[in-house]
Amino acid sequence: MQLKNDLILRAAKGEITERTPVWLMRQAGRILPEYRKIRAKLSGFKELVETPELAAEVTLQPVDLLDVDAAIIFSDILVVPEAMGLTYQMLEKKGPYFPKTLKTIQDLDQLHIIEGDELTYVYDAIKIVKAELNSRVPLIGFAGAPWTIFSYMVEGGGSKTFSEARKFLIQQPQLAHQVLELITKSTLNYLKRQVAAGADLVQIFDSWAGILSPSQYREFSLPYIEQIVRSLETVPVTVFAKGAYFAMKDMNNLSCQTIGLDWNMDIQKAKRLLADKTLQGNLDPAILYGDKNQIEKATDQMMKQFIGHPHIANLGHGVYPDTHPDQVKIFIEAVKKFNS
Ligand code: CP3
């Protein structure tokens, strides 16, 4: 069916659109009181993720309440390591925790490649969202990049230094490649199923890109991202690699059209080094703690720098959970009002 608003799809194919499309990473979630209300009735985050009707409902909330140009399916990147064999818990106010982690070759026995119906609840949620969206805006599917998923499997949660994951690369590089291969195959199967269920475009989050050295990033992350994007031929793909400013030149060679920028990345430099790509981003999410004038000014400054380059407006990372939805609306309005 023809989409009523396909701005983001056209921009993600390299078009300079008549108006710049806008959405926010982490738009579905704690910034909205309507989300917190649903969440409060449940046993936890995972119940929300694993109940398709509810996941669909919170996916649609930002479309209805914030008027963004795309929906992103409500889920988490951590459903992939879980479906592969390492379950996680989402601890209140602490974040993810994996009781079992990956340390030695024996631990590989716990893992399998996602090939079947392990993540049917996500595909079901996508189908419900597509029906309810009724072609209003496109739906974004997503997954973590293999390196970022590997980091969680090894660390067992968040970390300040990610030294366990980086130790693994130094001490057991061959084993790391083996695991990354398993994650890559799983992620590709998972994303293909998301697309079959109705995802109109796909984003890959490499949240921990920035902790690797340039040469490690070239060895342990980029080739696996490339394997995935090369095989997703039917939908536009965005790669968001937080902190990977050192890899812009390499990222211009990825077989995807769109690259997400974080707020530390220099837009002029990105336009030069990623000349062939659509760019997504990159307002500092902290700007949304400012007043109306500050938000409008910063948004205009950001938008001006992207003039003449295919662009999807977004923040430079996920919106912080304590951001007031009115501040988010000011940002969205400022993007929509912007006239180049
Ligand atoms: O709106 C959307 O963007 C869709 C939903 C979404 C969530 N997580 C929901 C969520 C998406 C795209 C993600 C991706 C994700 N998850 C990433 C990559 C993006 C990034 O921020 O770098 C990462 C690293 C994770 C792992 C994760 N999930 C962490 C570290 C945490 C705890 C910290 C936090 O933000 O609370 C989560 C939990 C999580 N994922 C919540 C939501 C709404 C909060 C849980 C809750 O409501 O109790």
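Since the structure is predicted, the reported quantities are computational estimates derived from the model, not experimental observations. Every heavy atom of this structure was used, including side-chain atoms; hydrogens, water molecules and symmetry mates were not. Atoms within each ligand, like the ligands themselves, are counted from 1 in listed order.
- Within 6.0 Å of the NZ atom in K4, the count of heavy atoms belonging to other residues, nucleotides or ligands exceeds 12.
- When only interatomic distances are considered, the shortest N/O to N/O separation between W208 and ligand 1 does not fall below 3.5 Å.
- Among protein heavy atoms, atom 13 (C) of ligand 1 sits closest to R26 NE, 3.5 Å.
- From F168, atom CZ reaches atom OG of S163 across 14.0 Å, with rounding to the nearest 0.5 Å.
- Between D206 and Y217, the side chains place a donor N or O and an acceptor N or O closer than 3.5 Å (distance only, hydrogens not considered).
- Summary of contacts: the protein heavy atom closest to atom 11 (C) of ligand 1 is F142 CZ, 3.6 Å.
- Taking atom 45 (C) of ligand 1 as the reference point, the nearest protein heavy-atom neighbour is F45 CD1, 3.4 Å.
- Note: F240 and F205 have perpendicular aromatic rings, judged against thresholds of 30 and 60 degrees for the angle between ring planes.
- Between Y35 and F74, the ring planes are tilted. Angles from 30° to 60° get that label.
- Every N/O-N/O distance between Y152 and ligand 1 stays at or above 3.5 Å.
- Defined by atom type and a distance below 3.5 Å, a donor-acceptor pair is present between the side-chain atoms of Q280 and W23.
- Of all atoms in ligand 1, numbered sequentially from 1 with element shown, those under 4.0 Å from a heavy atom of Y35 are 43 (C), 46 (C), 47 (O).
- Atom CD of E50 sits about 12.5 Å away from atom CG of D124, to the nearest 0.5 Å.
- Scanning the protein for heavy atoms near atom 26 (C) of ligand 1, the closest one is D76 OD1, 3.5 Å.
- Contact atoms of ligand 1 toward R30: 34 (C), 35 (O), 36 (O), 44 (C), 47 (O) (distance under 4.0 Å to a heavy atom of the residue).
- Closer than 4.0 Å to atom 5 (C) of ligand 1 lies at least one heavy atom of the protein.
- Heavy-atom proximity to P96, at under 4.0 Å, picks out these atoms of ligand 1: 29 (C), 30 (C), 31 (C), 32 (C).
- For ligand 1, the atoms closer than 4.0 angstrom to any heavy atom of M90 are 28 (N), 37 (C), 38 (C).
- Nearest heavy atoms, A12 versus L201: CB-CD1, 4.2 Å.
- Residue contact check: G95 has heavy atoms under 4.0 Å from atoms 32 (C) of ligand 1.
- Using a non-hydrogen distance threshold of 4.0 Å, P321 does not register as a contact of ligand 1.
- Residue I77 approaches ligand 1 through these ligand atoms, each under 4.0 Å from one of its heavy atoms: 14 (C), 15 (C), 16 (N), 17 (C), 23 (C), 24 (C), 25 (C).
- Ligand 1 places these atoms under 4.0 Å from at least one heavy atom of I73: 4 (C).
- The cluster map of Ile, Leu, Val, Met, Phe, Trp and Tyr, joined by side-chain heavy atoms under 4.5 Å apart, puts Y320 and L32 in different clusters.
- Of all protein heavy atoms, the one lying nearest to atom 22 (O) of ligand 1 is S207 OG, 2.5 Å.
- Within the 4.0 Å heavy-atom shell around ligand 1 one does not find K94.
- Between E92 and ligand 1, no N or O atom pair is found at a separation short of 3.5 Å.
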Evaluate the criterion salt bridge (charged side-chain N to carboxylate O under 4.0 Å, His left out) for residue pair D64 and R136; output intermediate values, then yes/no. CA-CA 10 Å; D64 297 331; R136 272 181 290 163; 2.8 Å; yes
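- Here's the thing with A28: one of its N/O atoms is less than 3.5 angstrom from an N/O atom of ligand 1.
- A side-chain donor-acceptor contact under 3.5 Å links Y289 and D322.
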